[in-house]
Chemist: 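I'd like to ask you about the structure that follows.
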Amino acid sequence: MRRATTGLLRPLSPAFFRRPTLQIAPDLLGRFLIVLENGGPVGGRIVEVEAYIGEDDPACHAFRGRTQRNTAMYGPPGHAYVYFTYGNHWMLNAVTEREGFPAALLIRALEPLHGLSAMRLRRGSDKDRTLTNGPGKLTKALGIDGGDNGASLRGPRIIIAGRRPPGLPVAVSGRVGVSEGGYVPWRFYVDGNLWVSPYRNGTRATKGRYSDGVE
DNA sequence: AGCATGATTTGCT
DNA sequence: GCAAATCATGCTC
């Protein structure tokens, strides 16, 4: 397991995250999100992300300006923005764009590949299919919480790394859990992947294929 | 498979 | 006080 991952644990550079958020989103799919622990790496491939961009985006936490909670989103790209919601769930975002501009990509789902037993333990021995197929589920499986807010995504603890597999089928839709006002097709996912989150909530998803020269 | 509900904390109209 | 970038459970078709 360890031997297989070490070659892939070359963290993505800050320059990768300093680009326009909608350009990064499809490029982030298929990369590895890994948490390093004493017991070894825990994580897998990113298969679903959502963009939240700037103070003009009504669904973005920075819509009403900077607060104590959203400060990390204004920080340098390539770091984590972790927040707590609905009374029980931590959400992990990758901060994007230049420092001072609030934008991030919410990591919504993971295809679990490393440290399965640790994940099952934290999640309460679930089926593998539901281990990390949602933003709250994956943070719990990986042990990510408020202590990780602001942490670098190049380690030592959390690492986003690896190459994007060629030919990955990318699809787009509206964002989950975002009301009418904030509708934009800013959810990107690996089409057909079993760990993409279930899209409940009266879906006017307007799913579409994404093809825009990221290959 | 799809809908309704309770859990439970934080930030700010 | 209320709404929130959610999840698990329990109910109904």
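Note that these values count all heavy atoms, side chains included, but never hydrogens, waters or copies made by symmetry. Just so we're on the same page: letters track the sequence lines, and every chain starts at 1.
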Chemist: Rounded to the nearest 0.5 Å, how far apart are CE of A:Met73 and OG1 of A:Thr71?
Modeler: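 Output value for this atom pair is 9.5 Å.
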
Chemist: Taking CG from A:Leu138 and P from C:dA8, how many angstroms apart are they, rounded to a whole number?
Modeler: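 For the pair A:Leu138 CG and C:dA8 P, the rounded distance is 12 Å.
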
Chemist: Can you give me every donor-acceptor pair (side chain of residues 139-162 of chain A, partner residue at least two apart or in another chain, under 3.5 Å) with its distance?
Modeler:
residue, atom, partner, partner atom, Å
A:Thr139, OG1, A:Trp90, O, 2.8
A:Thr139, OG1, A:Gly136, O, 3.0
A:Asp145, OD1, A:Gly147, N, 2.9
A:Asp148, OD1, A:Arg157, NE, 2.8
A:Asp148, OD1, A:Arg157, NH2, 3.4
A:Asp148, OD2, A:Asp145, N, 3.1
A:Asp148, OD2, A:Arg157, NH2, 3.0
A:Asn149, OD1, A:Val82, N, 2.9
A:Ser152, OG, A:Arg154, N, 3.0
A:Arg157, NH2, A:Gly143, O, 3.0

Chemist: Are any side-chain N or O atoms of A:Glu111 and backbone N or O atoms of A:Val47, one a donor and one an acceptor, separated by less than 3.5 Å?
Modeler: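 Judged by distance alone, no pair lies under 3.5 Å.
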
Chemist: A:Asn133 CG to C:dT6 P: how many Å, rounded?
Modeler: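 That distance rounds to 13 Å.
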
Chemist: Got A:Trp186 and A:Asp57 here, is their nearest side-chain heavy-atom distance under 4.5 Å?
Modeler: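 Answer yes - side chains close enough.
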
Chemist: Ignoring hydrogens and geometry, is there a side-chain-to-backbone donor-acceptor pair from A:Arg123 to A:Leu131 under 3.5 Å?
Modeler: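 Indeed, once roles are kept as given, a pair shorter than 3.5 Å links the two residues.
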
Chemist: Should A:Glu48 and A:Ile46 count as side-chain neighbours, where that means a heavy-atom distance under 4.5 Å?
Modeler: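 Of all side-chain heavy-atom pairs linking A:Ile46 with A:Glu48, none is under 4.5 Å.
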
Chemist: Is there a residue in residues 76-88 of chain A whose heavy atoms reach under 4.0 Å of DNA chain B, and which residues are they?
Modeler: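 Those residues whose heavy atoms fall under 4.0 Å from DNA chain B, taken from residues 76-88 of chain A in numerical order, are A:Phe84, A:Tyr86, A:Gly87, A:Asn88.
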
Chemist: What integer distance in Å separates A:Arg129:CZ from C:dA8:C1'?
Modeler: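 So the CZ-C1' distance, A:Arg129 to C:dA8, works out to 17 Å.
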
Chemist: Backbone N or O of A:Gly65 within a donor-acceptor pair of the A:Asn70 side chain at under 3.5 Å?
Modeler: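 Checking the backbone N and O of A:Gly65 against the side chain of A:Asn70, a donor-acceptor pair under 3.5 Å is found.
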
Chemist: Tell me: CZ of A:Arg64 to P of C:dA4, nearest whole Å?
Modeler: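 Rounded to whole Å, this separation is 10 Å.
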
Chemist: How many whole angstroms separate atom CZ of A:Phe63 from atom P of C:dA5?
Modeler: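 Going from CZ in A:Phe63 over to P in C:dA5 covers 12 Å.
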
Chemist: Which parts of residues 92-112 of chain A get close to DNA chain C, meaning a heavy atom less than 4.0 angstrom away?
Modeler: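 A:Asn93, A:Leu106, A:Arg108, in order of number.
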
Chemist: Would you kindly give the OH-to-P distance between A:Tyr189 and C:dA5, to the nearest whole Å?
Modeler: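 These atoms are roughly 21 Å apart.
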
Chemist: If a pair means Watson-Crick or G-U wobble with both distances below 3.5 Å, what does DNA chain B look like in dot-bracket form, with | marking bases paired to a different strand?
Modeler: |||||||.||||.

Chemist: Grab the CZ-C1' distance between A:Arg122 and C:dC7 for me, whole Å please.
Modeler: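 Rounded to the whole Å, the gap is 18 Å.
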
Chemist: Atom CD of A:Glu48 to atom P of C:dT6: distance rounded to whole Å?
Modeler: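 Taking CD of A:Glu48 and P of C:dT6, I get 10 Å after rounding.
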
Chemist: If only side-chain N and O atoms of A:Arg123 are considered, is one of them under 4.0 Å from the OP1 or OP2 phosphate oxygen of C:dA8?
Modeler: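 So the side-chain polar atoms of A:Arg123 do come within 4.0 Å of the phosphate oxygens OP1 or OP2 of C:dA8, strictly under.
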
Chemist: Apply ring-ring contact (aromatic ring centres under 6.0 Å, His included) to the pair A:His61 and A:Tyr83, showing each step before the final yes or no.
Modeler: CA-CA 10 Å; A:His61 285 169; A:Tyr83 69 91; 4.5 Å; yes

Chemist: How would you list all residue pairs meeting salt bridge (Lys or Arg N to Asp or Glu O under 4.0 Å) that involve residues 64-83 of chain A, not counting sequence neighbours?
Modeler: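 Residue pairs passing salt bridge (Lys or Arg N to Asp or Glu O under 4.0 Å), neighbours aside: none found.
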
Chemist: State, to 0.1 Å, how close A:Arg187 and A:Val196 come at their nearest heavy-atom pair, and which atoms those are.
Modeler: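 In terms of heavy atoms, the two residues are closest at NH2-CG1, 3.6 Å.
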
Chemist: Write out a two-atom table: protein N or O, nucleotide N or O from nucleotides 11-13 of chain C, distance below 3.5 Å.
Modeler:
none

Chemist: Output yes when at least one side-chain N/O atom of A:His89 is less than 4.0 Å from OP1 or OP2 of C:dA5, else no.
Modeler: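 The answer is no; no side-chain N or O of A:His89 sits under 4.0 Å from OP1 or OP2.
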
Chemist: Can you tell me if the side-chain N/O atoms of A:Lys137 get under 4.0 Å from OP1 or OP2 in C:dA8?
Modeler: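 Yes, such a contact exists.
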
Chemist: Considering non-hydrogen atoms only, spot the tightest contact between A:Ala72 and A:Ala80 and give its length.
Modeler: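 Reported closest heavy-atom pair: CB-O, 3.9 Å.
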
Chemist: Hey, are the side chains of A:Leu105 and A:Glu50 touching, using non-hydrogen atoms and a 4.5 Å cut-off?
Modeler: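 Counting from C-beta outward, A:Leu105 and A:Glu50 never come under 4.5 Å.
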
Chemist: For the hydrophobic clusters of this structure (ILVMFWY residues joined by side-chain heavy atoms under 4.5 Å, transitively), does one cluster hold both A:Leu194 and A:Ile107?
Modeler: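 Yes, A:Leu194 connects to A:Ile107 through the hydrophobic network.
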
Chemist: Are A:Asp27 and A:Phe188 packed together at the side-chain level, in the sense that at least one heavy-atom pair is separated by less than 4.5 angstrom?
Modeler: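 No. Closest side-chain heavy atoms not under 4.5 Å.
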
